[in-house]
A.B. asks: 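Just passing along the structure, written as structure tokens.
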Amino acid sequence: MNQIVECVPNFSEGRRQAVIDRIVAAMELTQGAQVLDVQSDPDHNRSVVTVIGTPQAVVEMVFQGVVVAAELIDMDHHRGGHPRMGAADVIPFVPVRGVIMDDCVELARQLGQRMGTELGIPVYLYEEAATRPERRNLADVRRGEYEVLKGEIATNPHRAPDFGPAALGTAGASAVGARPPLIAFNVYLNSSDLGPAKAIARAVRHSSGGLRYVKALGLLVEGQAQISMNLTDYRCTPIHRVLELIRIEAVRYGLTITHSEIVGLLPADALLDAA
């Protein structure tokens, strides 16, 4: 296998195991790609699937998962702690071997166009695949989530999709893009109070003056305060630096870290750096 691409589709279902199983089963029928990991969270109400394989096989595998997700997930009834705007909420392509970022941008466009044409799902290209500067940041694309986008997509030209109709069905919209490896990293505090978690997230994330290449939210997961993060460049801002800043900030509120977790997979050298 000379060319290897990774894709990490995030589906807006983390509670109904039967639905998750049907999405993954549909994906696993594709030859030339394989599912490496599936992680679901009922509080976030979200599942993260990691797949890898040859470029076109990965596109086909993910498309088949989107078909089932669009059929079984009704965004009008979806509730969860994680921001979302669609059944197949976010679909990033990541170069692994024998491909470059431009190749992943092309794959994102192929998949996005197919989703829009064949499934009638509005698709926004983001990160390296973005067609507008203001759409590089996923948080900006997903601002207001499904409920706000449903009212604005047909009336606000700035929210017109790159592919598909300017109208939302029950499957919502999807963000499809290309990016370097990202680490989904969550840290838990010895508290059930959401206030300090949100304050610490503000201190850590780059957009509010924190660490570069860190996106963070304060959430409650099973009654425990969580700092939910995406580390978008672990080489410039490594895991251990993020963890230590959270530890320092937590002391201000009389709190400490109980444990942390990785969602999905990550490059081995990120762990070696932390060690």
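Given the structure is predicted, the values throughout are model-derived calculations rather than measurements.
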A.B. asks: Does the side chain of Ser228 pick up a donor-acceptor pair with the side chain of Asn186 at under 3.5 Å?
C.D. replies: yes
A.B. asks: Do Glu145 and Arg84 meet the salt-bridge criterion of a basic N to acidic O distance under 4.0 Å?
C.D. replies: yes
A.B. asks: Any salt bridge linking Arg212 with Asp233? Criterion: basic side-chain nitrogen under 4.0 Å from a carboxylate oxygen.
C.D. replies: no
A.B. asks: Please determine if Arg159 and Glu152 form a salt bridge, counting it only when a charged side-chain N lies under 4.0 Å from a carboxylate O.
C.D. replies: yes
A.B. asks: For Glu222, is the CD atom crowded, meaning more than 12 foreign heavy atoms sit under 6.0 Å from it?
C.D. replies: no
A.B. asks: Can a salt bridge be assigned to the pair Glu249 and Arg252 using a cut-off of 4.0 Å between side-chain N and carboxylate O?
C.D. replies: yes
A.B. asks: Counting only N and O atoms by type, is there a donor-acceptor contact under 3.5 Å from the side chain of Ser174 to the main-chain atoms of Ala88?
C.D. replies: yes
A.B. asks: Would you confirm whether Arg205, through its side chain, and Ala216, through its main-chain N or O, come within 3.5 Å as a donor-acceptor pair?
C.D. replies: yes
A.B. asks: Tell me which one of Lys215, Glu127, Arg143 satisfies side-chain hydrogen bond (donor to acceptor under 3.5 Å, both in side chains) with Asn137.
C.D. replies: Lys215
A.B. asks: Looking at side-chain heavy atoms only, is the closest gap between Met27 and Val51 below 4.5 Å?
C.D. replies: yes
A.B. asks: Have a look at Glu6 and tell me which of Val96, Val99, Val58 forms a side chain to side chain contact (heavy atoms under 4.5 Å, CB included) with it.
C.D. replies: Val96
A.B. asks: Would you check if there is a donor-acceptor pair between the side chains of Arg79 and Asn45 at a distance under 3.5 Å?
C.D. replies: no
A.B. asks: Assess whether atom CD of Gln113 is packed by more than 12 heavy atoms of other residues, nucleotides or ligands within 6.0 Å.
C.D. replies: no
A.B. asks: Are Arg114 and Glu60 close enough, and set up right, to give a salt bridge (Lys or Arg N to Asp or Glu O under 4.0 Å), and what steps lead you there?
C.D. replies: CA-CA 10 Å; Arg114 189 175 177 190; Glu60 178 64 26; 2.7 Å; yes
A.B. asks: So Asp103 and Phe93, do their side chains get closer than 4.5 Å, heavy atoms only?
C.D. replies: no
A.B. asks: Does a side chain donor of either Asp76 or Tyr146 reach within less than 3.5 Å of an acceptor in the other side chain?
C.D. replies: yes
A.B. asks: For His82 and His44, take the angle between the two ring planes, folded into 0 to 90°, and tell me which bin it lands in: parallel under 30, tilted 30 to 60, perpendicular over 60.
C.D. replies: tilted
A.B. asks: May I have the step-by-step check of side-chain contact (heavy atoms from CB on, under 4.5 Å) for Phe163 and Met115, ending in yes or no?
C.D. replies: CA-CA 8 Å; Phe163 300 110; Met115 289 169 60; over 6 Å; no
A.B. asks: Taking only Lys NZ, Arg NE, NH1 and NH2, and the carboxylate oxygens of Asp or Glu, determine whether Arg132 and Asp162 approach each other closer than 4.0 Å.
C.D. replies: no
A.B. asks: Report the residue from Glu261, His259, Gln224 that forms a side-chain hydrogen bond (donor to acceptor under 3.5 Å, both in side chains) with Tyr188.
C.D. replies: Glu261
A.B. asks: Run the side-chain hydrogen bond (donor to acceptor under 3.5 Å, both in side chains) check on Asp269 and Tyr234 step by step: do they pass?
C.D. replies: CA-CA 9 Å; Asp269 58 348; Tyr234 67 91; 2.9 Å; yes
A.B. asks: Less than 4.0 Å between a side-chain N and a carboxylate O, is that true for Asp89 and Arg142?
C.D. replies: yes
